[in-house]
Amino acid sequence: MVELDGAAGEGGGQILRTALCLSMIHQRPFTIRRIRAGRAKPGLLRQHLTAVQAAAAICGAETSGAAQGSGELVFRPGPLRAAPPEGGRWRFDIQTAGSTGLVFQTVFLPLALAGGATVEILGGTHNGASPPTDFLAETFAPIAARCGFPAAVRLDRHGFYPAGGGAVTMEIGPARPADLSRIGPLDLTGWRPDPALSGVVRASRLGRARMIDAAAALRDALRALRTRSADPADPAVETPHPDMLDVQSQGPGAMLQLRVRGRATAEEPAPVLVLSEAKDRAQPLDACIAALMAQAEAVLAADSLVDEHLADQLLLPMALAGGGSFRTGALSLHTQTNIAVIQQFMAVTVEIHDRDGVNTVHVRV
């Protein structure tokens, strides 16, 4: 029995999600107390409870404390299964605007190791403080595939906070090769960003005039960022006008996004890092854009396509596939906490070399 303190480190839901994932894969039961004690609303919220229920379903686990608001959980996994007993696809409904992406990340790797599956998750698709569907599809899934965990992520219906109502389908392939240790370390330390970023205004019920204003303001910010970050010896590159996506959803909402691209090779297409900032009604547009630009500046300053959010999410697939390396900026407490949880289930060493605020991380198994 692995004993976990949910208040350790950043004290959030990542501790629970990583524990569920590795408990299923390694067939090790765990107990977690003080769940999400570091949050304003501690205990299991709907998205966390859905993650527990989804994990229990795909491995027939025995649980104690799996209830909304619970601060303690005992999880005893059974054998993994790729499909429900009645056959077909897995379907998990969060019933709120809770993050579909975080539920996906709980079950993705175990289902790949079980032979692959189709999963539909209903809830929030574009929330603040959680990976939007575009990040999963364009950034995370291609890297996971290089680690041996293929998946295609499809956005069926947008779901903004607080209405939710979104839908995402994940086609998870079988892990390949079956012996993941043969893949060997994945080296992403050479990934460098192109400072010519592209922007997207993604919104539901924002109104045409406000979308145009948001796109114009985002383009101005991108031009200023390009001017500050470009090599003076490079020719000027025109900043493309941000795309404006007027989407349908159950409720209103908006998210501003940037796509940071790397360089393609003969073997691999150009990697893409999706940066996002959700805009709520009370937040001024300029504050939202400033927060998004701060993310972009951190990526360009570190000269790496791995930001603080992706750094956290690379750890599990790399640890399971035999290791890996990447460069990033300052490591978040979220990432450091995730490392500690992984090490309670696996014999993994994570070496971190900090040079002038840029960290090179080596995951060794």
**Report entry** Residues D5, R34; criterion salt bridge (Lys or Arg N to Asp or Glu O under 4.0 Å); working and verdict
**Finding:** CA-CA 6 Å; D5 180 3; R34 300 199 294 172; 2.5 Å; yes

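- With S64 contributing its side chain and V74 its backbone, the two residues share no donor-acceptor pair below 3.5 Å.
- Residues I15 and A8 approach most closely at CD1-O, 3.4 Å, considering heavy atoms.
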Mind listing the side-chain donor-acceptor pairs of residues 114-121 below 3.5 Å, one per line with the distance, residues two or more places apart or on another chain?
residue : atom : partner : partner atom : Å
T118    : OG1  : E171    : OE1          : 2.6
E120    : OE1  : R91     : NE           : 3.3

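- Annotation for R219: atom CZ counts as buried by contact number, over 12 foreign heavy atoms lying within 6.0 Å.
- By the neighbour-count criterion of 12 heavy atoms within 6.0 Å, atom CZ of R176 is sparsely surrounded, having that number or fewer from other residues, nucleotides or ligands.
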Query raised in the report: For T169 and D156, what are the C-alpha separation, side-chain angles and deciding distance, and is it a side chain to side chain donor-acceptor pair (under 3.5 Å)?
Result: CA-CA 7 Å; T169 300; D156 299 320; 2.5 Å; yes

Got a list of side-chain donor-acceptor pairs under 3.5 Å for residues 357-365, not counting sequence neighbours?
residue : atom : partner : partner atom : Å
N359    : ND2  : G329    : O            : 2.9
H362    : ND1  : S325    : OG           : 2.7
R364    : NE   : E351    : OE1          : 3.2
R364    : NE   : E351    : OE2          : 3.2
R364    : NH2  : E351    : OE1          : 3.3

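- The shortest side-chain heavy-atom distance between H26 and V2 does not fall under the 4.5 Å cut-off.
- Contact of the L186 side chain with the L314 side chain is not registered, since no non-hydrogen atoms from C-beta on lie closer than 4.5 Å.
- In this structure the side chain of M244 reaches within 4.5 angstrom of the side chain of R208, judged on heavy atoms.
- L109 places none of its side-chain heavy atoms less than 4.5 Å from the side chain of M24.
- Side chains of S99 and N127: no donor on one and acceptor on the other come within 3.5 Å.
- Among the candidates V52, L45, T50, the single residue satisfying the side-chain contact (heavy atoms from CB on, under 4.5 Å) test with H48 is L45.
- When all heavy atoms are compared, the tightest approach of G98 to Q47 is CA-OE1, 3.2 Å.
- Taking both residues in full, the closest heavy atoms of C21 and L316 are given as SG-CD1, 4.2 Å, listed atom of the first, atom of the second, then distance.
- Remark: the R223 side chain and the T227 side chain contain no N/O donor-acceptor pair separated by less than 3.5 Å.
- Between the side chain of S70 and the backbone N or O of A66 there is no donor-acceptor pair closer than 3.5 Å.
- Applying the 6.0 Å contact sphere to CD of Q68 captures more than 12 heavy atoms from other residues, nucleotides or ligands.
- H126 and F160 have tilted rings, their planes meeting at an angle from 30° to 60° on a 0 to 90° scale.
- Of the listed residues (D93, L155, L136, I94), just one forms a side-chain contact (heavy atoms from CB on, under 4.5 Å) with T100, and that residue is I94.
- Residues S276 and D134 fail the side-chain proximity criterion, which asks for heavy atoms closer than 4.5 Å.
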